[in-house]
Each structure stands twice: as structure tokens, then as C-alpha cells.
2 protein chains.
Amino acid sequence: MEAKLRPDALPLPTIRRYPVYLRAVRARRARGEANVSSAALAAELGLDPVLVRKDLAMSGVAGKPRVGHSSAALEAALEAALGWDNVSDAALVGAGSLGRALLGYRGFREQGLSIAVAFDGDPALDGLEIRGVRVRPMKDLVRLVRRLSLRLGILTVPEEAAQACADLLVAAGVRGIWNFAPVQLDIPPGVVVQNMDLAQSLAVLSHSLETAAIPSPARARRP
Amino acid sequence: MEAKLRPDALPLPTIRRYPVYLRAVRARRARGEANVSSAALAAELGLDPVLVRKDLAMSGVAGKPRVGHSSAALEAALEAALGWDNVSDAALVGAGSLGRALLGYRGFREQGLSIAVAFDGDPALDGLEIRGVRVRPMKDLVRLVRRLSLRLGILTVPEEAAQACADLLVAAGVRGIWNFAPVQLDIPPGVVVQNMDLAQSLAVLSHSLETAAIPSPARARRP
DNA sequence: TTCAATACGATATAAAAATATCGATATAAA
DNA sequence: TTTATATCGATATTTTTATATCGTATTGAA
């Protein structure tokens with residue numbers, strides 16, 4: 001009868017939770033658990049069981065009562081939903097300290113991401129190899145990105161340079177930009193931008209630090 | 001009559017947008033603009049004007065028709081709401097590449113944050129000074145953090161070490177933890193955790209890259 | 001074989017957030 | 001002075017997301 005509850009568009013918050021589920025499922029699978037129950041995941045992650053159940057249901061894999069979901073199937077489905085099943089190569093722009101930190105992050109491979117080449121405006125870095133990735137001058141960006149047909153650009157330059165570099169990436173035919181600069185980029189439609197703003201995250205923290213400052217120390221977050 | 005619309009708790013999405021507004025307001029003020037209109041901000045940031053207006057209203061500063069809001073007052077109010085008006089010192093745990101990148105980030109001062117001391121388990125780093133911040137061994141963490149009465153901990157260690165380091169920070173009396181490790185920390189109530197998960201951000205990007213792949217190129221994001 | 005418990009699936013309700021609409025007010029131009 | 005308009009403030013509506021509830025299927029134990 002095939003009556004899967006599968007809306008064509010997954011809710012954004014669900015997408016954001018998928019990597020969290022995926023990590024947990026992978027860990028359990030590595031531990032030899034062939035099946036994962038949504039309730040167990042919810043308990044481990046401190047989330048509402050219903051929420052987890054709904055999220056998993058939207059991945060398309062069915063679960064069996066008293067057993068849970070096949071962890072292998074879940075892992076595959078989550079990866080597919082995220083587009084992490086086939087590794088895609090990216091170009092990193094800005095080989096400063098943040099750029100280098102990203103170059104050194106081993107976890108990207110598990111997230112379908114591999115940095116193929118880096119660019120930097122500083123001539124001193126030209127030709128340098130950082131963690132197995134060669135740094136190229138900016139003037140080669142459009143040509144190289146196009147030749148390697150990279151779909152993704154990672155922007156780790158100072159905010160003054162961000163828009164100009166983004167324009168180069170777009171000119172090179174990139175489909176998405178992961179922007180670490182605290183700037184609202186002006187990008188033509190068709191290219192997806194995801195901002196990674198430290199300030200936004202810090203805002204939530206320091207605000208709740210400010211407000212939840214004095215009150216009673218005994219108060220559970222989740223009942 | 002004093003009928004300010006001021007809910008005691010600001011919506012989380014509003015909090016997240018505050019740093020974005022703040023940056024824009026600061027830039028305009030630096031350019032000599034004494035007043036900022038919500039409509040202009042909305043246009044600059046690509047947001048809905050009503051949304052911006054509501055967000056700004058919740059900061060408590062009133063705007064005047066045909067003029068806008070006083071940019072000085074707005075800046076102060078936003079900073080106050082975020083708790084960025086008085087700089088607070090933080091402890092950084094994990095002086096690896098990501099930790100160093102954060103140590104090198106100049107923007108933190110504008111966000112009310114200053115890293116006072118760093119810790120790392122690697123004895124080779126003991127005593128090293130990075131960007132003016134001394135690296136200390138882990139065994140000194142609780143004592144030093146307590147003595148400096150630091151309220152905030154920044155966690156940039158590998159995921160295996162994250163929970164143990166978080167426990168140390170909590171033991172040292174920290175009120176909030178900014179967690180860059182991809183782990184769900186188990187933290188007692190009273191201590192606020194804000195996760196900065198690269199994977200979650202990348203998830204949104206690669207998913208929309210995946211879904212919005214083939215369709216028509218001409219499609220505006222905001223009408 | 002029967003029964004109880006677990007965990008899923010679906011529906012319903014509630015909460016939160018974004019968007020739309022309308023009226024009021026202060027400023028600048030006529 | 002008058003009038004038009006930009007812009008705010010408030011209310012209403014819609015959409016999105018989260019939570020609660022109920023029924024049912026499957027398994028493992030009695």
C-alpha cells in the first residue's frame with residue numbers, strides 16, 4: 001500500500017538534528033547494535049521521544065515495534081537525506097587560523113566533505129601544503145575550481161574580503177557557500193549560502209547566562 | 001502611560017538575530033548615522049521588515065516615525081540584552097588548531113568576551129603563550145578557573161575528552177560552556193551549554209544543495 | 001498459547017514564530 | 001499651515017514546530 005509519511009521537504013529543524021542522530025546511530029552500530037529504538041536515542045540525546053520518532057519516520061525507514069529501526073538502514077537513510085553518502089569536494093578560501101583548523105578537522109570525511117584545494121591572498125602561503133592540501137593564490141581560484149568542478153566553497157577570510165571572495169566562488173560555478181565570515185553575503189539565487197556565525201551562537205549562551213544568572217540552582221531543563 | 005511591549009523572555013530566534021543587527025547598527029553608527037530605521041536594516045540584511053521591527057521593539061528602545069531608532073541607544077540596548085556590555089573572561093580548554101583559531105579571533109572583544117587562560121593536556125604546550133594567552137596544564141584547571149572566578153568555559157577538545165573536561169569546568173564553578181565538540185554533554189542544571197556543531201550547519205547546507213540541485217535556476221529566495 | 005510490555009504510527013492539540021494588516025504619528029515638502 | 005509619506009506600534013492571521021494522546025503490532029516470557 002506504500003503509505004509512507006514522506007513530505008517532499010524535510011523541516012529545517014529536523015535536518016539540523018539528523019547529524020546528531022547519525023552520530024549516535026553510527027556509534028551504536030560500531031558497538032554491534034543491529035537495531036536502534038527511537039526511545040533509546042531520545043534518552044541518550046535528551047530529546048523528546050515523540051520528536052525523535054517523527055524525525056526518524058521522515059527518513060523513510062520503518063521501525064518494528066519492540067525492536068526499533070535497523071541501524072544500518074537508518075545510517076544509510078540519514079546520510080542520504082543529508083547528501084553525505086557520496087563525498088563531495090570543496091574549495092577552502094582563506095588559509096588563516098580558522099581555515100587551517102578546518103583543514104585539520106578529521107571529522108569532515110564522515111560528513112561527506114573533503115577539502116580538495118585551498119586559496120589565500122597572502123603570497124607567502126603560495127604553494128604551501130597544509131595537512132595534505134595545497135594552498136593556491138587567489139588568481140587561480142576561478143580556473144581551478146572550475147576545472148575540478150567543485151560544488152562547494154568554504155569561506156574563512158576576514159569580513160572585509162568575504163564578499164569579493166564569494167563573488168569569485170560564484171563566478172567559478174560553486175553551488176553552495178559555507179560562510180564563516182560575519183557578513184551577510186549578497187549572492188545570486190541558485191547558490192545556497194549557509195552562515196556559520198560564532199556570534200549568533202555566543203549570543204544565545206551569554207544571554208541565557210545573563211538572564212538565568214541568579215535564580216534557584218535546582219531546576220531541571222528536561223522533565 | 002508606559003505600555004512597553006516587553007516580554008520577560010526574549011524569543012530565542014530574536015536573540016540569535018541580535019548580533020546581526022548589532023553589527024549593522026555599529027557599522028552605521030561608525031559611518032555617522034545617528035538613527036537607523038528598521039526598514040533600512042531589513043533591506044540590508046535581507047529580512048522581513050516586520051520581523052526586524054518586532055525584534056527591535058523587544059529591545060526596549062522606541063523609534064520615532066520617519067526617523068527610526070537612535071543608533072546609539074539601539075547599540076547599547078542590544079549589547080545589554082546579549083550581556084555583551086561588560087566584558088567577561090573565559091577559559092579555553094583545548095589548545096589545538098580550533099582552540100588557537102579562537103584565540104586568534106579579534107572579534108570576541110566586541111562580543112563581550114575575552115579569553116583569560118587556556119588549558120591543554122599536552123605537556124609540550126605547557127607554559128606556551130599563544131596570542132598573549134598562556135597555556136596551562138589540565139591539572140591546574142579547577143584551581144585557576146576558580147581563582148580567576150571565570151564564568152565561561154570554551155571547549156575545543158577532541159570528542160573523547162569533551163565530557164571529562166566539561167566536568168572539570170563545572171567543578172571549577174563555571175556558569176556556561178561553549179561546546180565545540182560534537183558530543184551531547186551531560187551537565188547539571190544551573191550550567192548553560194551552547195553547542196557549536198559544525199555538522200549541524202553543514203547538514204543544512206549539503207541538504208539544500210542536494211534538494212535544490214536540479215530545479216529552475218531563476219527563483220528568488222525573498223520576494 | 002496466552003498475556004503483558006515495549007515501541008511504532010497516526011492523529012490531535014498546543015506553543016512558538018513568522019507574516020500580514022491596520023491605524024497612528026512625526027517629519028518634510030507644498 | 002496643510003498635506004503626503006515614511007515609519008513605528010499593535011493586533012490578527014497563518015505557518016511551522018513541538019508535544020501529547022491513543023491505538024496497534026510484535027516480541028518475549030509466563
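In what follows, every chain begins at residue 1, and chains take the letters A, B, ... in the order their sequences are listed.
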For this session: Return yes when atom CZ of Arg31(A) has more than 12 non-hydrogen atoms of other residues, nucleotides or ligands closer than 6.0 Å, and no otherwise.
Result: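 Enclosed.
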Could you work out which one of [options] sits closest to the side chain of [X]?
X	options	result
Asp48(A)	dT19(C), dT19(D), dC8(D)	dT19(D)
Arg53(A)	dC8(C), dC22(C), dT19(D)	dC8(C)
Pro13(A)	dT27(C), dG9(C), dA18(D)	dA18(D)
Pro11(B)	dG9(C), dA10(D), dA17(C)	dA17(C)

Exercise. Taking the nucleotide of DNA chain D with the closest heavy atom to each, which residue, Val50(A) or Val36(B), is nearer the 5' end?
Worked result: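 By nearest-heavy-atom nucleotide position, the 5'-most residue is Val36(B).
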Exercise. More 5' along DNA chain D: Asp55(A) or Lys64(A), using each one's nearest nucleotide?
Worked result: Asp55(A)
Any protein N or O atoms within reach of nucleotides 1-6 of chain C? Criterion: under 3.5 Å, listing atom names and distances.
| unit_1 | atom_1 | unit_2 | atom_2 | d |
| --- | --- | --- | --- | --- |
| dA5(C) | N3 | Arg66(A) | NH1 | 3.3 |
| dT6(C) | O4' | Arg66(A) | NH1 | 3.0 |

Return the minimal non-hydrogen interatomic distance between [X] and [Y], and the atom names on each side.
X	Y	answer
Ala95(A)	Arg100(A)	O-NE, 2.9 Å
Ser114(B)	Val87(B)	CB-CG1, 3.8 Å
Ala91(B)	Phe119(B)	CB-CE1, 4.1 Å
Trp178(A)	Leu198(B)	CZ2-O, 3.5 Å

[X] has an atom [atom1]; how far is it from atom [atom2] of [N], in whole Å?
X	N	atom1	atom2	result
Leu47(B)	dA17(C)	CG	P	16 Å
Asn35(A)	dC8(C)	CG	C1'	13 Å
His69(B)	dT25(C)	NE2	C1'	14 Å
Lys54(B)	dT13(D)	NZ	P	15 Å
Met58(A)	dT16(D)	CE	P	13 Å
Leu51(B)	dT13(D)	CG	C1'	16 Å
Leu12(A)	dT17(D)	CG	P	7 Å
Ile15(B)	dA18(C)	CD1	P	12 Å

Exercise. Can you list the stems that DNA chain C is part of, where a stem is at least 3 pairs in a row, each Watson-Crick or G-U, with both distances below 3.5 Å?
Worked result: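 Output for stems: C:1-30 with D:1-30.
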Problem set entry | Any Arg17(A) side-chain nitrogen or oxygen under 4.0 Å from OP1 or OP2 of dA18(D) |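 So the side-chain polar atoms of Arg17(A) do come within 4.0 Å of the phosphate oxygens OP1 or OP2 of dA18(D), strictly under.
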For this session: Ignoring backbone atoms, test whether Ser38(A) places a side-chain nitrogen or oxygen under 4.0 Å from the OP1 or OP2 oxygen of dA7(C).
Result: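 For Ser38(A), the contact criterion (side-chain N or O under 4.0 Å from OP1 or OP2 of dA7(C)) is not met.
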For this session: Would you give the length of the straight line joining atom CD1 of Ile177(A) to atom CG of Asn195(A), rounded to the nearest 0.5 angstrom?
Result: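 If I round to the nearest 0.5 Å, the distance is 10.0 Å.
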Exercise. For Leu56(A), which of Val25(A), Leu41(A), Val61(A), Val36(A) qualifies under side chain to side chain contact (heavy atoms under 4.5 Å, CB included)?
Worked result: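 Exactly one option meets the side chain to side chain contact (heavy atoms under 4.5 Å, CB included) with Leu56(A), and it is Leu41(A).
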For this session: Assign the ring pair Phe108(A) / Tyr105(A) to parallel, tilted or perpendicular, where the plane angle (0 to 90°) is split at 30° and 60°.
Result: perpendicular
Exercise. Are any side-chain N or O atoms of Ser59(A) and backbone N or O atoms of Leu78(A), one a donor and one an acceptor, separated by less than 3.5 Å?
Worked result: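 Such a contact is absent between Ser59(A) side chain and Leu78(A) backbone.
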Exercise. Under 4.0 Å between a Lys/Arg side-chain N and an Asp/Glu carboxylate O for Arg23(A) and Glu44(A)?
Worked result: no
